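Values reported hereafter were calculated over all heavy atoms of this structure, with side chains retained and with hydrogens, waters and symmetry mates removed. Position 1 is the first residue of the sequence, and the numbers go up from there. From a predicted model like this one, the values you see are computed outputs, not experimental measurements.
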Amino acid sequence: MPTITGLVVALAIGLIALPVLAAAADVTISGGAYLPATLTVESNTTVTWTNYDPVSHSVTSTDGLFDSGPIEQNEVFNYTFTDTGTYPYGCTINASTQRTPMQGVVIVVPEGMMVEPDENTTADGLNMTLADVIAGDEFLTRFADLVSRAALTQTVLASGGPYTVFVPNDASFEALGNETLAGVSNDTEMLDALLMHHVVRGNYTVQDLIAEVNATGNETVLETLSGDNLTIAAVDGGLIVENASILAIDIPADNGIIHVIDRVLVPPGLILPDNATPPAQANVTVIEPMEGASIPAGNVTVSVDVMNLTLVEPTGQPNAPGEGHLHYYLDAPVPMNESEPAIPPTGGYVVSTNLSHTWENVTAGEHNLSVQLVNNDHTPLIPLVFAMVNVTADGNATTDENVTVDENVTVEALTEERIIP
């Protein structure tokens with residue numbers, strides 16, 4: 001058995017097939033493949049696998065529900081599916097000798113629910129599967145790309161369900177690093193294990209999840225298609241999935257629902273490949289004024305140095321690794337909520353791509369000057385990257401009642417802007 005016991009590897013691209021609406025539930029094992037690779041049946045159906053290969057194979061489910069043991073040539077294995085759901089399986093005997101290991105899945109729907117593909121319409125008329133919705137979202141391109149590489153996951157999201165999918169946004173995959181992503185992409189077993197850990201059976205809206213959490217105290221557990229558990233908990237009036245926050249909720253599809261989260265969920269026991277060269281950490285330093293400096297009141301210029309971040313104008317484009325801009329603050333707390341625009345509740349702030357900013361009409365007294373690196377959508381870089389100095393202004397200067405946001409960005413514009421992860 002592979003290290004990740006019970007987790008099956010992806011189907012060969014050439015073997016992807018639409019679900020077969022089979023009255024007779026038969027699967028042929030031939031040429032080192034299950035034919036059909038995806039089989040849809042009603043509950044209480046017995047599926048029969050027949051091995052026509054000269055070598056033995058097995059039919060082993062990912063969650064240990066059934067295991068044929070070795071099936072020799074012309075021998076059969078039967079299993080009766082009583083409960084609805086999705087049941088991935090594979091061969092554990094010859095998997096290590098195959099260039100593309102054997103994979104299959106049985107999708108079980110309630111009795112009387114079998115329909116022809118062209119009759120499969122929904123009440124909301126979306127006519128889009130989970131795979132379609134994810135592939136069409138510009139902020140979920142990383143997850144969509146990985147799904148396209150994982151034939152089993154793609155087939156499940158395109159034809160099974162209903163499912164609830166917790167989809168990490170692009171920024172969360174970027175945080176893994178390019179080499180880790182490349183390693184996962186090239187390992188079909190690891191890829192399906194990772195992706196299917198984000199999928200649970202059933203339609204769970206956020207209200208449903210809240211109800212589940214409330215019914216069990218402060219948290220509830222859902223089983224993923226990888227066979228592991230996800231803990232959903234209530235924290236500070238919101239919900240978290242394991243250690244991930246939910247950023248966008250209740251995105252509908254014909255065969256389920258999507259919630260966008262801000263971290264990649266890794267199943268227990270799955271060790272992702274390391275980056276040989278970790279991505280360079282962005283950094284910002286205040287060059288002047290110096291910490292503890294005495295400066296004249298009035299116009300105060302803050303100059304900074306930025307490393308490993310390309311400064312781009314925040315014009316509504318999606319977040320991209322290595323891109324962002326600056327938020328300058330005057331006597332304001334540095335915002336630390338990673339899922340909200342970095343707008344302090346008090347004090348002054350400006351949005352800028354310049355390496356210096358001049359505060360006007362700074363009064364005499366002690367002041368805090370700080371600067372923070374933020375994403376294109378104005379949320380803070382994670383981990384947080386900021387710098388600050390404390391200074392004392394001497395003399396008298398006229399002052400405005402409030403410091404306004406310059407660079408053609410207003411507080412209202414930022415707070416009203418739809419922030420999409």
Side-chain angles (χ1 to χ4, degrees), residues 1-2 4-12 15-96 98 100-115 150-163 189 192-193 196 199-202 223-229 255:
M1 294 291 287
I4 308 168
T5 303
L7 295 177
V8 292
V9 291
L11 293 168
L15 295 178
I16 298 175
L18 292 176
V20 175
L21 300 176
D26 295 309
V27 178
T28 295
I29 304 175
S30 179
Y34 302 109
L35 304 172
T38 300
L39 179 71
T40 299
V41 299
E42 294 184 351
S43 56
N44 297 313
T45 296
T46 299
V47 178
T48 300
W49 288 264
T50 304
N51 181 20
Y52 291 101
D53 276 351
V55 297
S56 59
H57 294 292
S58 76
V59 175
T60 307
S61 70
T62 64
D63 55 8
L65 183 64
F66 53 86
D67 186 357
S68 65
I71 309 173
E72 304 301 333
Q73 187 175 22
N74 297 322
E75 289 185 348
V76 300
F77 170 69
N78 300 313
Y79 186 81
T80 300
F81 292 87
T82 57
D83 297 325
T84 59
T86 300
Y87 301 91
Y89 65 90
C91 175
T92 60
I93 297 175
N94 292 300
S96 62
Q98 297 260 127
T100 304
M102 294 171 61
Q103 263 312 265
V105 62
V106 176
I107 300 170
V108 183
V109 299
E111 290 187 70
M113 292 293 290
M114 297 285 284
V115 294
L152 178 60
T153 304
Q154 184 178 52
T155 303
V156 166
L157 296 183
S159 57
Y163 299 119
E189 180 180 3
D192 265 321
M196 295 184 78
V199 185
V200 301
R201 295 180 178 90
E223 184 179 0
T224 71
L225 295 192
S226 69
D228 297 297
N229 291 332
N255 60 332

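Using modelled atom types, one side-chain atom of S61 and one backbone atom of F66 make a donor-acceptor pair closer than 3.5 Å. Judged by distance alone, the side chain of S159 and the main-chain N or O of T155 form a donor-acceptor pair under 3.5 Å. A distance-only check finds no donor-acceptor pair linking the side chain of N255 to the backbone of P162 [under 3.5 Å]. Remark: side-chain polar atoms of Y87 are not paired, donor with acceptor, to backbone N or O of G104 under 3.5 angstrom. Under the 3.5 Å distance criterion, the side-chain polar atoms of N51 are left unmatched by any main-chain donor or acceptor of E75. D26 places no side-chain N or O within donor-acceptor distance of the main-chain N or O of V47, the cut-off being under 3.5 Å.
Counting heavy atoms from C-beta on, the side chains of V76 and T50 come closer than 4.5 Å.
Smallest separation of non-hydrogen atoms from I93 and P70: CD1-CA, 3.5 Å. Of all heavy-atom pairs between T153 and M196, the closest is OG1-CG, 3.5 Å. Between A25 and V41, the shortest heavy-atom distance links the atoms CB-CG1, 3.9 Å.
Residue R201 holds its CZ atom at 9.5 Å from CG of D83, rounded to the nearest 0.5 Å. Rounding to the nearest 0.5 angstrom, the gap separating the CH2 atom in W49 from the CD1 atom in I71 is 8.5 Å.
When only modelled atom types and interatomic distance are considered, T60 and D67 share a side-chain donor-acceptor pair under 3.5 Å. In this model, a donor atom of one side chain and an acceptor atom of the other lie less than 3.5 Å apart for S58 and T92. Looking only at atom types and distance, the side chain of N78 has no donor-acceptor partner in the side chain of T46 under 3.5 Å away.
Y89 pairs with exactly one of L65, T62, V27 by the side chain to side chain contact (heavy atoms under 4.5 Å, CB included) rule, that one being V27.
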Which is it for F77 and T48 under the side chain to side chain contact (heavy atoms under 4.5 Å, CB included) test, yes or no, and what are the steps along the way? CA-CA 6 Å; F77 170 69; T48 300; over 6 Å; no
Using the side chain to side chain contact (heavy atoms under 4.5 Å, CB included) rule, take L225 and V156 through it: C-alpha gap first, then chi angles, then the decisive distance, then the call. CA-CA 10 Å; L225 295 192; V156 166; 3.7 Å; yes
Apply side chain to side chain contact (heavy atoms under 4.5 Å, CB included) to the pair I29 and Y34, showing each step before the final yes or no. CA-CA 5 Å; I29 304 175; Y34 302 109; 3.8 Å; yes
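F81 and Y79 have their aromatic ring centers within a separation under 6.0 angstrom.
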